[in-house]
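Beneath this line is the structure, given in structure tokens, with notes to follow.
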There are 2 protein chains.
Amino acid sequence: MAVKPDHEFGFHRTRKKTLAVRRSALQSGPAKAPAGQRVSSRGTTREMVDTAVRTGLLTGRFVPGKPVTIRGLAAEIGVSPMPVREVLQRLAAENALEVKPNGRVQVPDMTPARFDEVLKARLLLEPELAELALPHLFGDAAGELKAIDDDIDACLHSGDAESYMRLNHAFHFRIYRASRSKVLLPLIDSLWLQFAPFMRTVYGRVGTAILEDRHKEAIRAIELNDTQALRAAIKADILDGMGFLGREILSDGPTG
Amino acid sequence: MAVKPDHEFGFHRTRKKTLAVRRSALQSGPAKAPAGQRVSSRGTTREMVDTAVRTGLLTGRFVPGKPVTIRGLAAEIGVSPMPVREVLQRLAAENALEVKPNGRVQVPDMTPARFDEVLKARLLLEPELAELALPHLFGDAAGELKAIDDDIDACLHSGDAESYMRLNHAFHFRIYRASRSKVLLPLIDSLWLQFAPFMRTVYGRVGTAILEDRHKEAIRAIELNDTQALRAAIKADILDGMGFLGREILSDGPTG
DNA sequence: GTAGCGAATTTGTGATCACAAAATGACACG
DNA sequence: CGTGTCATTTTGTGATCACAAATTCGCTAC
């Protein structure tokens, strides 16, 4: 592990002027701000920590197996341990993190059985949600997706795995979010949080050049308002990407 | 709101001898125990609160729409607000509870759209998990399920809705848990936590006498090791129970 | 009697403290 | 040189405090 990377997050609270504070500045906490203007009055700190850790997981900044400590994360982000505790509990409840019997929390290791289940669940749920979203994908939606996909192509050529993962997530969830789903969407969210960190380790080994996506087929299906074609494109995209990952995991054993 | 029910939980920490304490008894907290013997060394309080609230939700002791306060729950169970906070965060992450913009947390109201999504997700996931569980359901499994189903029949006749819900959950998850699933099972767990409270309010209105379940068909399919029959039985059981609930929600509008 | 307003209470949130268990490291002994 | 043991540090957990926002309640004015 050599040197501890000081900037694992690009999210350090600015330490001089925090985005949102409620304290009256007569405390000595790590997040000190004399007169911060707050955007939303209540519960902004936890939300900030939550999105920070979530995007960290989705872009693979957390390594599976490496323990995540409350105080460590709190110090990195620049807040007290309290909001971090709650965020880690939340993510553990979504199976994005794993609490070991000692109380230590870490990114779960990927196993073949787990991988098969995630793949199965994705194939069941995501085409369904895409179908639900299709009626809401009108107007500029196809254009937005095309823009994201262009950026993805650029990342694939340049080999920027982190940006690729962020954009790939953005592409899929631009579709899914349109469904306004309050049930299926969180389930799929949980699934992505589970396989993303593992995905990242694979890309780190073999690069992203091999990847091809079915996004253009999906965009075309959306433009044509073709439900079955959209389902097929989503399904094919999942199978391509995950099938590729699956071969990796089977060849190398459970992560490493 | 009349009188506050003092015994909403049958789970009051005994106040004299707690099950598991780590504190050295020189504190003045609400959970005081001079020399409690502890079963599991670490993190037992939160686990206790978690199962308490979870079973409370599954058996319908929480009313949709009624706010759940941290301090209130903590006082009822007899612990400090701290573990309750984390448990509520966990359950909110599983969409079993809803955090309103003010920070107040309550059981979400059921809406027709939500209901459709839960139904759809259950139909997609639960037959799949039952199929995965089937190879592990040998030996006395069918006998256990038969015993549970007998109790269910008794509850249906006596109209004990709370016991019915607890046993119905036990029946389904006796099957699902056998799959040793680490991915699909939590997803289905989340779904049950979402519709159970609403289910309870319906039963409270119309009783349980109308219900018939497909559990016997499922047991027979397990005995015969018939995958398709098991899938069909689970699917039919979901459709019967939820279809019945669906007619209720559509006739009366979003909960009430 | 009712509507509007202000005080008092409730409630969520972040911070800090205390303690025990686990992890880590150093050191002595074989 | 390896191994077991003990001291030190790290870490999770529960409790408590302080504060602000939101809610609730009571009172007054019309």
Side-chain angles (χ1 to χ4, degrees), chain A residues 1 4 13 18-33 35-50 66-75 77-90 92 97-106, chain B residues 1 4 13 18-33 35-36 38-50 66-90 92 97-106:
Chain A
M1 44 188 64
K4 179 179 175 184
R13 177 173 267 203
T18 73
L19 298 169
V21 210
R22 279 190 13 216
R23 315 306 313 224
S24 69
L26 48 83
Q27 302 260 339
S28 60
K32 55 190 73 165
Q37 75 285 25
R38 59 178 176 281
V39 182
S40 173
S41 54
R42 208 175 184 92
T44 352
T45 303
R46 182 174 63 217
E47 196 173 318
M48 187 259 283
V49 176
D50 192 273
K66 202 189 80 172
V68 179
T69 67
I70 296 176
R71 286 176 173 88
L73 255 185
I77 307 182
V79 299
S80 96
M82 184 60 55
V84 178
R85 280 169 67 167
E86 299 188 347
V87 166
L88 293 188
Q89 288 295 322
R90 282 187 79 104
L97 294 174
E98 177 189 28
V99 286
K100 304 187 71 177
N102 350 343
R104 294 288 281 270
V105 42
Q106 65 175 45
Chain B
M1 45 188 65
K4 178 180 177 184
R13 177 174 266 201
T18 74
L19 298 170
V21 211
R22 278 187 16 214
R23 316 303 313 224
S24 67
L26 47 84
Q27 302 261 338
S28 60
K32 57 190 71 166
R38 59 177 176 282
V39 183
S40 174
S41 52
R42 209 177 181 92
T44 354
T45 303
R46 182 176 61 219
E47 196 172 318
M48 187 259 284
V49 175
D50 191 273
K66 202 190 80 172
V68 179
T69 68
I70 295 176
R71 286 176 173 87
L73 255 184
E76 281 186 51
I77 307 183
V79 298
S80 96
M82 184 61 57
V84 177
R85 280 170 66 166
E86 299 187 348
V87 166
L88 293 187
Q89 288 295 322
R90 283 187 80 104
L97 294 174
E98 178 189 27
V99 286
K100 305 187 70 178
N102 352 346
R104 294 288 281 272
V105 42
Q106 65 176 46

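Protein chains get the first letters and strands the later ones, always in sequence-line order, with residue 1 at the start of each.
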**OP:** Answer yes or no: side-chain N or O of R71(A) and base N or O of dG12(D) forming a donor-acceptor pair under 3.5 Å.
**Re:** yes
Original post:
With a non-hydrogen cut-off below 4.0 angstrom, is V68(A) in contact with a base, only sugar-phosphate, or nothing?
Top reply: sugar-phosphate
Original post:
M82(A) CE to dC19(D) C1': how many Å, rounded?
Top reply: 15 Å
Original post:
Is any side-chain nitrogen or oxygen of N102(A) closer than 4.0 Å to OP1 or OP2 of dT11(D)?
Top reply: no
Subject >> Closest approach of V79(A) to P83(A) (non-hydrogen atoms, all atoms of both residues) >> reply: CG2-CG, 4.0 Å
**OP:** Using whole Å, report how far CG of D50(B) lies from C1' of dG14(D).
**Re:** 16 Å
Original post:
Looking only at side-chain N and O atoms, does R104(B) come under 4.0 Å of OP1 or OP2 in dT23(D)?
Top reply: no
Original post:
Taking atom C1' of dG12(D) as reference, at what distance in whole Å does atom CD of Q89(A) sit?
Top reply: 10 Å
Subject >> Nearest-0.5 Å distance that lies between atom CE in M48(A) and atom CD1 in I77(A) >> reply: 7.0 Å
Subject >> Spacing of L88(A) atom CG relative to dT13(D) atom P, expressed in whole Å >> reply: 10 Å
Original post:
Rounded to the Å, how far apart are K100(B) NZ and dT13(C) P?
Top reply: 14 Å
**OP:** Could you say whether V105(A) or P81(B) is positioned toward the 5' end of DNA chain D, judged by the nucleotide with the nearest heavy atom to each?
**Re:** V105(A)
**OP:** Report the distance from atom CZ of R46(B) to atom C1' of dA15(D), rounded to the nearest whole Å.
**Re:** 15 Å
**OP:** Sequence neighbours left out, what passes side-chain hydrogen bond (donor to acceptor under 3.5 Å, both in side chains) with Q106(B)? Give chain and number order.
**Re:** none
Original post:
Who pairs with E98(B) by salt bridge (Lys or Arg N to Asp or Glu O under 4.0 Å), at least two apart in sequence or on another chain?
Top reply: none
Subject >> Residue-phosphate contact under 4.0 Å: S80(B) side-chain N/O, dG14(D) OP1/OP2 >> reply: no
Original post:
Rounding to a whole Å, what distance do you find between E86(B):CD and dG12(D):P?
Top reply: 11 Å
Subject >> Ranges pairing with ranges for DNA chain C, where each run has three or more Watson-Crick or G-U pairs under 3.5 Å >> reply: C:1-30 with D:1-30
Original post:
Given side chains that start at C-beta, do those of R85(A) and R46(A) come closer than 4.5 Å, heavy atoms only?
Top reply: no
**OP:** Determine whether any donor atom in the side chain of R85(A) lies under 3.5 Å from an acceptor atom in the base of dG14(C), or the reverse, and answer yes or no.
**Re:** no
Subject >> I70(A) CD1 to dT16(C) P, straight-line distance once rounded to whole Å >> reply: 15 Å
Original post:
Could you state the interatomic distance from CD (E76(B)) to CZ (R71(B)), rounded to the nearest 0.5 Å?
Top reply: 15.0 Å
**OP:** Please lay out, stage by stage, how R90(A) and E86(B) fare under the test side chain to side chain contact (heavy atoms under 4.5 Å, CB included).
**Re:** CA-CA 8 Å; R90(A) 282 187 79 104; E86(B) 299 187 348; over 6 Å; no
